[in-house]
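Just so it is clear, the values below take in all heavy atoms, side chains as well, and ignore hydrogens, waters and symmetry mates.
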Amino acid sequence: MIFKKFFKKAKFEKRASELDSNIEEIPSHIAIIMDGNGRWAKRRAMPRIAGHQEGMKTVRRIARVADELGVKVLTLYAFSTENWKRPKTEVEYLMSLPEKFLDEFLPEIMERNICVQMIGEKEGLPEHTKRAINKAMEKTKNNTGLILNFALNYGSRAEIVKAMKSMMKEVQEGKLTIEEITEETVNQYLMTSHLPEPDLLIRTSGEVRLSNFMLWQLAYTEFWFTETLWPDFDEEDFMEAIQAYQKRNRRYGGLTD
Ligand code: FPP
């Protein structure tokens, strides 16, 4: 056990030293599709919720390292609009996690000057989940460090439909003309209007799809996939993703030398 810890620390330090820690080279906004909790539990003959519980620990680990590296926004896909289809007990457990997480982590969040935010349909959440999120958002609203942004009851298509409806209403009411609508206008109607677009998207567990996550916002994002299941994902994996990102050549459709 001690040896394992020692090697882990040594690997972590090696990875950290290889990383370009120059703040301009650290992605400002990292979005993560946290996947593989169920499989992690199944491999251990444990109930799926044990995987989610372990996944919550990873959230804490990754929020800490993101904060330490100077990442500005960390968006975590914690519950999609499609996840309601899961068994009731699993949904109930997932809905209890923000409360559990914030109960334990809020003092550290305050110490670290982290600001908790959320995208998704808050109104569709159970009262106790909403209360926990509202409390954390209110308490941390003036914090100026990392934005820890939970995508909860979030679906990108629903977000786009909602944005379209609000935009059309403004047109109907004469507050906006069709000619005035640009990409920037659409941006302003999305739940992420106040955030920069993600620079890096990470998906764990070997699945290679977007699952209705930030479809508009990810247009020029660099993607990084790993076989590692979310509960096993650690600081070293996170830095490996950033290192891979630092080697990419972002062209935004143009040419570079
Ligand atoms: C996908 O894995 C994961 C989820 C649907 C839930 C993600 C939630 C967490 C990681 C905890 C969130 C913590 C907070 C603080 C809100 P899966 O269950 O689909 O895994 P599988 O594909 O292996 O079945």
Would you indicate whether M164, at its atom CE, is surrounded by more than 12 heavy atoms from other residues, nucleotides or ligands within a distance under 6.0 Å? yes
Are L195 and Y189 grouped together when hydrophobic residues (ILVMFWY) are joined by side-chain heavy atoms under 4.5 angstrom apart? no
Side chain to side chain contact (heavy atoms under 4.5 Å, CB included) between T140 and L106, intermediate numbers included: CA-CA 9 Å; T140 65; L106 202 51; 4.1 Å; yes
Sorted by chain and number, sequence neighbours left out, side chain to side chain contact (heavy atoms under 4.5 Å, CB included) with Q53 holds for Y93
For N153 and G124, the nearest pair of non-hydrogen atoms, with its separation, is ND2-CA, 3.7 Å
Determine whether a donor-acceptor pair (N or O, by modelled atom type, separation under 3.5 Å) exists between the side chain of S28 and the backbone of K72. no
Where do S211 and Y77 come nearest, in terms of heavy atoms and distance? O-OH, 3.0 Å
Provide the full list of ring-ring contact (aromatic ring centres under 6.0 Å, His included) pairs with a residue in residues 21-71, sequence neighbours left out, each pair given once. none
Count I, L, V, M, F, W, Y as connected when their side-chain heavy atoms are under 4.5 Å apart, and connections chain through other members. Are I49 and M34 then in the same cluster? yes
Output all residues satisfying salt bridge (Lys or Arg N to Asp or Glu O under 4.0 Å) with K175, sequence neighbours left out; order by chain, then residue number. E173
Indicate yes or no: at least one non-hydrogen side-chain atom of R157 is less than 4.5 angstrom from one of L215. yes
Only counting residues at least two apart or in another chain, list the ones meeting ring-ring contact (aromatic ring centres under 6.0 Å, His included) with W84. F79
Any side-chain heavy-atom pair from I202 and F223 closer than 4.5 angstrom? no
For K100, is there an ion pair with E104 - N to carboxylate O distance below 4.0 angstrom? no
Working to the nearest 0.5 angstrom, can you tell me the gap between T129 OG1 and M118 CE? 9.5 Å
Would you say that E227 contacts S205 through its side chain, given a criterion of any heavy-atom pair below 4.5 Å between the two side chains? no
Show your working on side chain to side chain contact (heavy atoms under 4.5 Å, CB included) between L152 and I119 and close with a plain yes or no. CA-CA 6 Å; L152 260 178; I119 53 171; over 6 Å; no
Partners passing side-chain hydrogen bond (donor to acceptor under 3.5 Å, both in side chains) against R64 (at least two apart in sequence or in another chain): E108
Got a second to check how far E170's CD is from M167's CE, nearest 0.5 Å? 9.5 Å
Among side-chain atoms of E159 and Q217, is any donor-acceptor pair under 3.5 angstrom? yes
Given side chains that start at C-beta, do those of I32 and R203 come closer than 4.5 Å, heavy atoms only? no
Locate the shortest heavy-atom distance separating G51 from A41; write the atom from each residue and the value. N-CB, 3.7 Å
With I133, the side chain to side chain contact (heavy atoms under 4.5 Å, CB included) member among M137, K135, K130: M137
Would a 4.5 Å heavy-atom cut-off, applied to side chains only, mark T177 and V171 as touching? no
Report yes or no: do L201 and Y154 belong to one cluster of Ile/Leu/Val/Met/Phe/Trp/Tyr joined by side chain heavy-atom distances under 4.5 Å? yes
Looking only at heavy atoms, what is the nearest atom pair of S193 and N187, with distance? CB-O, 3.4 Å
Do any pairs count as a ring-ring contact (aromatic ring centres under 6.0 Å, His included) and have a residue in residues 101-149, sequence neighbours left out, and if so which ones? F101-F105, F101-F150
P231 vs N37 side-chain heavy atoms within contact, under 4.5 Å: yes
For residues Q117 and L148, determine if any side-chain heavy atom of one lies less than 4.5 Å from a side-chain heavy atom of the other. no
If I compare all heavy atoms of V59 with all of L76, which pair ends up nearest, and what's the gap? CG1-CD1, 3.6 Å
Within a 6.0 Å radius of atom NZ on K122, are there more than 12 heavy atoms belonging to other residues, nucleotides or ligands? yes
Between I30 and D199, is a side chain to side chain contact (heavy atoms under 4.5 Å, CB included) present by the stated rule, with each step listed? CA-CA 6 Å; I30 302 183; D199 300 293; over 6 Å; no
Applying side-chain hydrogen bond (donor to acceptor under 3.5 Å, both in side chains), can you list everything that pairs with T185, at least two apart in sequence or on another chain? T182
With the 4.5 Å side-chain cut-off for hydrophobic clustering, are V73 and M239 part of the same group? no
So, the side chain of D237 versus the backbone of D234: is there a donor-acceptor pair under 3.5 Å, distance only? yes
Please name all residues satisfying ring-ring contact (aromatic ring centres under 6.0 Å, His included) with F233, sequence neighbours left out, ordered by chain then number. W230
Taking atom types as modelled, find out whether E82 and N212 have a side-chain donor-acceptor pair closer than 3.5 angstrom. yes
Taking side chain as C-beta onward, heavy atoms only, is I62 less than 4.5 Å from L74? yes
Which distance, rounded to the nearest 0.5 Å, do you find between the CG of N113 and the CG of N143? 4.5 Å
Within one Ile-Leu-Val-Met-Phe-Trp-Tyr cluster: Y220 and L210, side-chain cutoff 4.5 Å: no
Please list, chain by chain and in numerical order, all residues satisfying salt bridge (Lys or Arg N to Asp or Glu O under 4.0 Å) with K165, sequence neighbours excluded. none
Test log, rule side chain to side chain contact (heavy atoms under 4.5 Å, CB included), inputs F213 and T75: CA-CA 11 Å; F213 187 50; T75 296; 4.0 Å; yes
Residues L94 and P98: closest non-hydrogen pair is O-CD, 3.3 Å
Apply side-chain hydrogen bond (donor to acceptor under 3.5 Å, both in side chains) to T226 and list each qualifying residue two or more places apart in sequence or on a separate chain. T228
Selection residues 140-154 - residue pairs positive for salt bridge (charged side-chain N to carboxylate O under 4.0 Å, His left out), sequence neighbours left out: E138-K141
Kindly write out the residues that satisfy salt bridge (Lys or Arg N to Asp or Glu O under 4.0 Å) with E207, not counting sequence neighbours, or none if the list is empty. R39, R209
